[in-house]
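Counting starts at 1 for both ligands and their atoms, in listed order. Just so you know, these numbers use all the heavy atoms, side chains as well, and skip hydrogens, waters and symmetry mates.
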Amino acid sequence: MSDNSNANAMWGGRFGAGPDAIMEAINASIGFDKRLAEQDIAGSRAHAAMLAAQDIITEKDAEAIREGLLTVLSEIEAGNFAFSTALEDIHMNVEARLKEIIGEPAGRLHTARSRNDQVATDFRLWVRDQCDAAISGITALMKALLGQAEAGADWVMPGFTHLQVAQPVTWGHHMLAYVEMLSRDRGRFEDARARMNECPLGAAALAGTSFPINREMTAEALGFDRPMANSLDAVSDRDFALEFLAASSICAMHLSRLAEELVIWSSAQFRFVKMSDRWSTGSSIMPQKRNPDAAELIRAKIGRIFGANVALMTVMKGLPLAYSKDMQEDKEQVFDAADNLMLALAAMAGMAGDMSPQRAAMAASAGTGFSTATDLADWLVRELGLPFREAHHVTGSLVSMAEGKGCDLPDLSLEDMRSVHEGITEAVFGVLGVDNSVASRISYGGTSPERVREQIARWKAALT
Ligand code: ARG
């Protein structure tokens with residue numbers, strides 16, 4: 001028989017020699033899955049307690065295992081743990097160290113379990129925590145935006161479509177649009193969390209086990225609602241990670257849109273907001289510059305988060321049931337996406353809370369670009385009884401007249417107006433001001449300060 005002294009300690013019985021170095025490099029996941037140490041140890045402690053409760057191992061061994069695992073955890077947390085690539089992953093690193101600490105009982109921990117249900121459980125616990133982190137990060141950002149909305153509920157600014165001036169809106173209304181978007185994001189993380197909260201532990205390798213385990217007990221100990229009902233599904237499912245990435249992608253897309261607005265608004269051409277010094281950077285050559293780097297980086301984060309979503313979808317798409325080693329590639333994508341989403345949320349909350357909207361600059365800009373043309377058309381319909389299509393036509397002629405004169409609509413004289421439609425009266429000027437324009441948009445969900453304040457009150461009650 002060949003020398004098997006280099007063979008893997010865990011399955012050396014079957015293998016004659018240790019792995020090639022390149023094999024070890026492609027196979028090992030310890031470099032990244034060490035982040036699952038806490039979840040792995042929580043899962044193993046629950047499993048050991050259940051094995052003892054079911055008389056599968058002795059109470060004494062279970063106690064030794066559970067205590068020993070706490071020692072391992074404290075070593076890892078203190079940075080005193082020597083992770084080994086030869087031991088492949090966090091699961092075998094922890095178990096090997098447990099054996100060094102407590103000896104023979106360590107070998108009983110893996111009864112009625114496989115790394116397949118173990119990793120599925122660990123990763124679910126990790127992603128579940130990240131859903132909670134995302135929910136609180138989003139809530140903090142919603143509060144920052146709500147504060148902005150409250151401070152400038154009735155401040156006018158141009159509203160855009162096609163990034164062309166459309167109609168005046170209020171700053172409060174614009175801020176609340178993002179609060180709505182973020183609340184849907186929060187809902188997606190809540191939904192995903194609720195759906196993923198089933199426990200794979202006890203599915204073993206793929207088929208379940210012949211030991212009389214109690215899956216309700218481990219599920220409950222780990223805070224899951226119930227055990228997963230199909231062992232094949234339990235070890236092969238990564239929907240929970242994909243749902244997290246999908247929710248993260250949509251949320252990051254929202255952050256990116258807000259970031260883009262901040263980049264535009266803080267430019268010299270707009271000057272709608274001033275970013276605080278804490279959230280701006282200078283240029284090494286151009287002394288006048290205040291760059292919105294954090295906003296630009298948030299805008300860019302969608303790339304890697306969406307990339308992670310596509311990467312994991314692609315990993316999973318052709319896999320036959322049940323577990324395949326391909327699935328080890330799930331973790332780095334999710335870790336990176338989660339880290340960057342949380343960072344982007346925190347940076348956006350800091351930036352949004354700190355920025356100063358420039359009321360005068362926004363108001364000056366709100367009236368440009370014939371932004372009250374729709375108000376004029378509506379007035380013609382309401383006061384003169386014109387069909388909307390004709391009112392649109394009359395207004396178009398007035399806009400073109402103002403454009404020819406190089407002025408805005410309220411700068412036209414009554415005579416000018418009458419030359420296009422003789423029914424127009426002085427009263428028309430009442431609807432041409434931007435404040436009148438926004439105040440008139442009182443339909444539910446509209447931009448009038450009155451409606452905006454109602455929504456602010458609703459959100460304030462909901463977010464505290
Ligand atoms: N490191 C592995 C992973 O992350 C653990 C599961 C390994 N299972 C196996 N049958 N090789 O997927």
Side-chain angles (χ1 to χ4, degrees), residues 7-15 18-20 22-44 46-47 69 72 76 81 83-98 106-107 109-130 196 199-209 218 222 228 230-242 244-245 308 311-338:
N8 187 294
M10 297 287 167
W11 54 68
R14 164 83 170 70
F15 284 78
D20 184 275
I22 302 287
M23 175 57 197
E24 191 170 287
I26 195 171
N27 199 35
S29 54
I30 188 62
F32 47 89
D33 68 14
K34 60 174 107 167
R35 283 188 77 168
L36 299 178
E38 195 188 320
Q39 290 74 17
D40 192 68
I41 286 169
S44 290
H47 185 65
L69 285 168
V72 177
I76 293 173
F81 191 95
F83 290 104
S84 150
T85 311
L87 287 166
E88 242 188 89
D89 57 25
I90 186 63
H91 323 296
M92 294 201 289
N93 269 267
V94 168
E95 192 184 321
R97 179 69 187 127
L98 182 67
L109 169 61
H110 214 52
T111 315
R113 182 177 81 166
S114 150
R115 276 188 298 155
N116 296 349
D117 59 336
Q118 192 178 354
V119 73
T121 305
D122 296 0
F123 198 31
R124 244 171 223 263
L125 288 170
W126 195 89
V127 175
R128 192 178 72 182
D129 283 350
Q130 295 301 308
M196 76 179 63
C199 187
L201 195 59
L206 77 168
T209 175
T218 41
L222 295 169
M228 290 181 78
N230 182 301
S231 62
L232 290 169
D233 179 45
V235 295
S236 74
D237 170 56
R238 292 295 180 272
D239 291 359
F240 63 95
L242 288 165
F244 175 78
L245 291 175
L312 186 54
M313 285 291 283
T314 311
V315 166
M316 296 305 295
K317 72 173 255 306
L319 297 185
L321 301 188
Y323 177 85
S324 296
K325 196 62 174 263
D326 309 50
M327 289 158 68
Q328 178 166 286
E329 287 286 313
D330 55 3
K331 290 168 217 54
E332 282 171 293
Q333 300 292 345
V334 175
F335 290 161
D336 184 74

Which residue holds the protein heavy atom closest to [atom], what is that atom called, and what is the gap in Å?
atom: atom 11 (N) of ligand 1; answer: Arg115 NH2, 3.4 Å
atom: atom 12 (O) of ligand 1; answer: Tyr323 OH, 2.4 Å
atom: atom 10 (N) of ligand 1; answer: Asn116 OD1, 3.0 Å
atom: atom 5 (C) of ligand 1; answer: Asp89 OD2, 3.5 Å
atom: atom 2 (C) of ligand 1; answer: Gln328 OE1, 3.2 Å
atom: atom 4 (O) of ligand 1; answer: Lys331 NZ, 2.6 Å

Trp126 and Phe123 aromatic ring geometry - parallel, tilted or perpendicular at 30°/60° bounds
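Parallel, since the angle between the ring planes stays under 30°.
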List every atom of ligand 1 that sits less than 4.0 Å from any heavy atom of Ser29, numbering the atoms from 1 in the order shown and giving each element.
1 (N)
Decide whether a cation-pi geometry holds between Lys34 and Phe83; the criteria are a distance under 6.0 Å from NZ or CZ to the six-membered ring centre and an angle within 45° of the ring axis.
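The answer is yes; both the distance and angle limits are met.
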Tell me, please, which residues at least two apart from Arg97 pass salt bridge (Lys or Arg N to Asp or Glu O under 4.0 Å).
Glu75, Glu100
Does the Ser114 side chain pair with the main chain of Asn116, one donor and one acceptor, at a distance under 3.5 Å?
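The answer is yes, because a donor-acceptor pair under 3.5 Å joins these two groups.
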Taking Ser84's backbone N and O only, do any of them form a donor-acceptor pair with Asn93's side chain (distance below 3.5 Å, no angle check)?
yes
Atom of Val235, atom of Leu206 and distance for their closest heavy-atom approach:
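Heavy atoms of Val235 and Leu206 come nearest at CG2-CA, 4.0 Å.
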